[in-house]
There are 2 protein chains.
Amino acid sequence: MKKKKKNENSSKIFEGHDHGACFGDAITLIEDYFIEKKLQLTPLRRKVFEILIEDHKPLGAYEILDSLGKAGFSSSPPIAYRVLDFLMEHGFVHKVQGLNAFIACSNPEHSHFPTFVICRKCEKVAEVSDEKTRLNLSSPEITDFKIEKTTIELTGICSTCENAEIR
Amino acid sequence: MKKKKKNENSSKIFEGHDHGACFGDAITLIEDYFIEKKLQLTPLRRKVFEILIEDHKPLGAYEILDSLGKAGFSSSPPIAYRVLDFLMEHGFVHKVQGLNAFIACSNPEHSHFPTFVICRKCEKVAEVSDEKTRLNLSSPEITDFKIEKTTIELTGICSTCENAEIR
DNA sequence: CATGTAATGATATAACGTAACATCTTAACA
DNA sequence: TGTTAAGATGTTACGTTATATCATTACATG
Ligand SMILES: [Zn+2]
Ligand SMILES: [Zn+2]
Ligand SMILES: [Zn+2]
Ligand SMILES: [Zn+2]
C-alpha cells in the first residue's frame with residue numbers, strides 16, 4: 001500500500017492528480033483508522049466520505065443530502081450534519097468556512113492545522129499542510145492562549161484564472 | 001488626538017482596556033476616514049458601527065438588527081447586511097467566520113490581514129495584527145496564487161478560562 | 001427478558017443570508 | 001434653481017444553512 005506521495009515535488013497546488021489512486025488510498029486509510037480506533041465505518045459514514053472524496057471539492061451539506069437521498073439514505077438535514085461532525089472530529093473531513101461547505105481531507109495521515117487556498121473564480125480549493133504554511137504563533141500576544149483549532153483560508157485568484165482574466 | 005496606543009507592550013491579548021478612549025478614538029477615526037474618502041457616514045452606518053464598537057465583541061447580523069430596531073431604524077435583514085458589507089469594504093468591520101458574526105476592527109489604521117483569537121469558553125475575541133502573527137506564505141505551493149483576502153481564526157481557550165476549568 | 005448504548009430516521013424550526021423592487025435623499029450640473 | 005443621476009434606505013419575499021427534539025432501530029450485556 002506504499003504509493004508515491006501525491007505531488008510531492010510540485011510547486012502547483014491546483015494541479016491535477018491520479019484521482020483513482022487518491023480515492024483508493026483514502027478509502028483504505030479511513031478503513032484502517034476506523035478499525036484501529038474501534039469505530040464503526042457504517043454504510044452511511046462511508047457513503048458521505050465517498051461522496052466527498054469522489055467530488056474532491058467542497059460540497060454544501062444539502063448537496064451531500066441530495067446525494068445521500070439518491071443513494072437510498074435518509075436525506076434529512078441532521079443526518080448529514082451528524083456524520084460530517086463525526087468525520088471532522090476524526091480529521092477526515094474539513095469545513096471550508098468561507099464557502100459553508102465540506103471537503104475531504106487531502107492528507108489525513110498528518111495531524112494538522114490545514115490551510116485552504118481558494119480561487120474565487122474557478123472555485124478550486126487546495127488544502128496545504130501546516131508544514132508548508134505556518135503561522136508565526138510565537139508572538140507574546142498568543143502565549144496566554146491555547147490553540148485547539150485553526151481556520152486558515154486564503155482567498156484570491158489562481159494563476160490559471162488570472163492569466164485568463166488578462167486577455 | 002495623539003493618544004498612547006492601546007496595550008502597546010502587553011503580552012495579554014484578552015486584557016481589558018480603556019474603553020471610553022477606545023470608543024472615542026474609533027469614532028474619530030472613522031469620521032476622518034469618511035471625510036477624506038468623501039463617503040457618507042450616515043446615521044445608519046454610524047449607528048451600526050457604534051453598536052459594534054460599543055459591544056466590542058462579535059455580534060450576529062440579527063442581534064445588530066434588534067439594536068437597530070430599538071434605535072428606531074428599520075430592522076429588516078438587508079439593512080444590516082448592506083451596511084456591514086460597506087463597513088467591511090472599508091476595513092472598519094470584520095466578519096468572524098467561525099461565529100457567523102461581525103466585529104469592529106481593533107486597528108483600522110493598518111491595512112491588514114487580521115488574525116482572530118477566539119476563546120470557546122468565555123467567547124472573547126481578540127484581533128491580532130498581521131504584524132504579530134504572520135503566515136509563512138513564501139512556500140512554493142502558494143506562489144502560483146494571488147491572495148486577496150485571508151481568514152485566520154484561532155479557536156481555543158484563554159488562560160483565564162483554562163485556570164478556571166482546572167479547579 | 002430488561003436495560004443500555006450507538007446510530008439513524010423524521011419533523012419542525014431557528015438562524016443566517018440574498019434577490020428584487022420601491023422610495024427617499026444627496027450631490028452634481030445645466 | 002430645477003433636473004437628473006447616483007447613493008442610500010426601506011420592504012417583501014424567499015433561499016440557504018444549521019440545530020433542537022423526539023422516535024426508532026440494532027445490537028450488546030447482565
Ligand atoms: Zn486535512
Ligand atoms: Zn482559479
Ligand atoms: Zn481589523
Ligand atoms: Zn476565555
Side-chain angles (χ1 to χ4, degrees), chain A residues 30 34-35 37-52 58-90 92-103 120 123 151 153, chain B residues 30 33-52 57-90 92-103 120 123 151 153 155:
Chain A
I30 194 173
F34 271 56
I35 290 168
K37 297 268 178 166
K38 298 196 205 308
L39 302 171
Q40 301 181 50
L41 186 55
T42 62
L44 178 63
R45 287 169 180 169
R46 175 185 287 266
K47 185 68 195 176
V48 170
F49 183 68
E50 284 175 358
I51 290 166
L52 285 170
L59 296 177
Y62 284 74
E63 292 180 280
I64 293 167
L65 283 169
D66 281 350
S67 296
L68 285 178
K70 283 168 191 157
F73 292 90
S74 163
S75 59
S76 51
I79 294 291
Y81 285 102
R82 278 194 295 234
V83 172
L84 289 167
D85 282 348
F86 184 86
L87 293 173
M88 283 193 292
E89 268 173 34
H90 294 282
F92 290 94
V93 168
H94 300 294
K95 179 167 186 181
V96 182
Q97 292 283 358
L99 304 173
N100 290 325
F102 303 86
I103 189 168
R120 63 164 160 75
E123 296 187 295
T151 299
E153 300 178 7
Chain B
I30 194 172
Y33 177 93
F34 270 56
I35 289 168
E36 191 204 332
K37 298 268 180 166
K38 299 199 205 307
L39 301 171
Q40 301 182 47
L41 186 55
T42 61
L44 178 62
R45 288 168 179 169
R46 176 185 286 266
K47 185 68 195 177
V48 170
F49 183 68
E50 284 176 357
I51 289 166
L52 285 169
K57 66 174 192 189
L59 296 177
Y62 282 69
E63 292 180 279
I64 293 166
L65 283 169
D66 280 350
S67 297
L68 285 178
K70 283 168 191 156
F73 293 90
S74 163
S75 59
S76 50
I79 294 291
Y81 285 103
R82 276 195 297 236
V83 173
L84 289 167
D85 283 348
F86 184 85
L87 293 173
M88 283 193 290
E89 269 172 34
H90 293 283
F92 291 94
V93 168
H94 300 295
K95 179 166 187 180
V96 181
Q97 292 283 358
L99 303 172
N100 289 326
F102 303 86
I103 189 167
R120 63 164 160 75
E123 297 185 295
T151 299
E153 299 177 5
T155 305

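In the text below, chain A, chain B and the rest are named by the order of the sequence lines, each starting its count at 1. Computation of the quantities below employed the complete heavy-atom set of this structure, encompassing side-chain atoms and omitting hydrogens, waters and symmetry-equivalent molecules.
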Next item on the list: Hey, could you give me the CG/CZ distance between B:Leu41 and B:Phe86, rounded to the nearest 0.5 Å?
Entry: 8.5 Å
Note to self: Without decimals, in angstroms, what is the distance between A:Asp85 CG and C:dT8 P?
What the structure shows: 13 Å
Check: With sugar-phosphate meaning primed atoms plus P, OP1 and OP2, does A:Lys95 contact a base, only sugar-phosphate, or nothing at under 4.0 Å between heavy atoms?
Finding: sugar-phosphate
Interface polar pairs with nucleotides 20-24 of chain D, N/O, under 3.5 angstrom:
none

Item checked: Separation of atom OH in A:Tyr81 from atom P in D:dT16, rounded to whole Å -> 12 Å
Notebook entry, point to check: B:Leu41 has an atom CG; how far is it from atom C1' of D:dT9, in whole Å?
Noted result: 15 Å
Checklist line | Note, A:Pro77 side chain near A:Tyr62 side chain (heavy atom, < 4.5 Å) | finding: yes
Check: Can you tell me how far CD of A:Glu153 sits from CG of A:Leu99, rounded to the nearest 0.5 angstrom?
Finding: 7.0 Å
Notebook entry, point to check: Which of residues 67-77 of chain A have a heavy atom under 4.0 Å from DNA chain D?
Noted result: A:Pro77
Next item on the list: Check whether any side-chain heavy atom of B:Ile30 sits under 4.5 Å from a side-chain heavy atom of B:Leu87, and report yes or no.
Entry: yes
Checklist line | Atom-pair distance (CD1 on A:Ile79; P on C:dA12), nearest Å | finding: 16 Å
Notebook entry, point to check: Side-chain donor or acceptor of B:Tyr62 under 3.5 Å from a matching atom on the base of C:dG17?
Noted result: yes
Notebook entry, point to check: Side chains of B:Leu39 and B:His90: does their closest heavy-atom pair fall under 4.5 Å?
Noted result: yes
Notebook entry, point to check: Under 4.0 Å between a side-chain N/O of A:Asn100 and OP1 or OP2 of D:dT16, yes or no?
Noted result: no
Checklist line | Residue list, side-chain hydrogen bond (donor to acceptor under 3.5 Å, both in side chains) with B:Ser74, at least two apart or on another chain | finding: B:Ser76
Next item on the list: With sequence neighbours left out, write down each residue that passes salt bridge (Lys or Arg N to Asp or Glu O under 4.0 Å) with A:Arg82, or none if nothing qualifies.
Entry: none
Donor-acceptor pairs are to be reported for all side-chain atoms of residues 64-72 of chain B against protein atoms at under 3.5 Å, with residues two or more places apart or in another chain.
unit_1	atom_1	unit_2	atom_2	d
B:Ser67	OG	B:Glu63	O	3.4

Check: Expressed in angstrom and rounded to an integer, what is the separation of B:Ile64 atom CD1 from C:dA15 atom P?
Finding: 15 Å
Check: B:Phe102 and side-chain contact (heavy atoms from CB on, under 4.5 Å): which partner among B:Val96, B:Ile51, B:Val93, B:Leu59?
Finding: B:Val93
Next item on the list: Begin from the C-alpha positions of A:Val48 and A:Ile79 and carry the test side chain to side chain contact (heavy atoms under 4.5 Å, CB included) through to its verdict.
Entry: CA-CA 10 Å; A:Val48 170; A:Ile79 294 291; over 6 Å; no
Note to self: Do B:Leu52 and B:Leu84 make a side-chain contact, defined as non-hydrogen atoms from C-beta onward lying under 4.5 Å apart?
What the structure shows: yes
Pairs: protein N or O with nucleotides 3-7 of chain C N or O, under 3.5 Å:
unit_1	atom_1	unit_2	atom_2	d
C:dA7	OP1	A:Arg45	NH1	3.1
C:dA7	OP1	A:Arg45	NH2	3.3
C:dA7	O5'	A:Arg45	NH2	3.2

Next item on the list: Figure out the NZ/P separation between B:Lys37 and C:dA27, and round it to whole Å.
Entry: 19 Å
Next item on the list: Round to the nearest Å and state the distance from B:Leu84 atom CG to C:dG17 atom P.
Entry: 9 Å
Item checked: Rounded distance in Å - CG (B:Leu65) to P (D:dT11) -> 13 Å
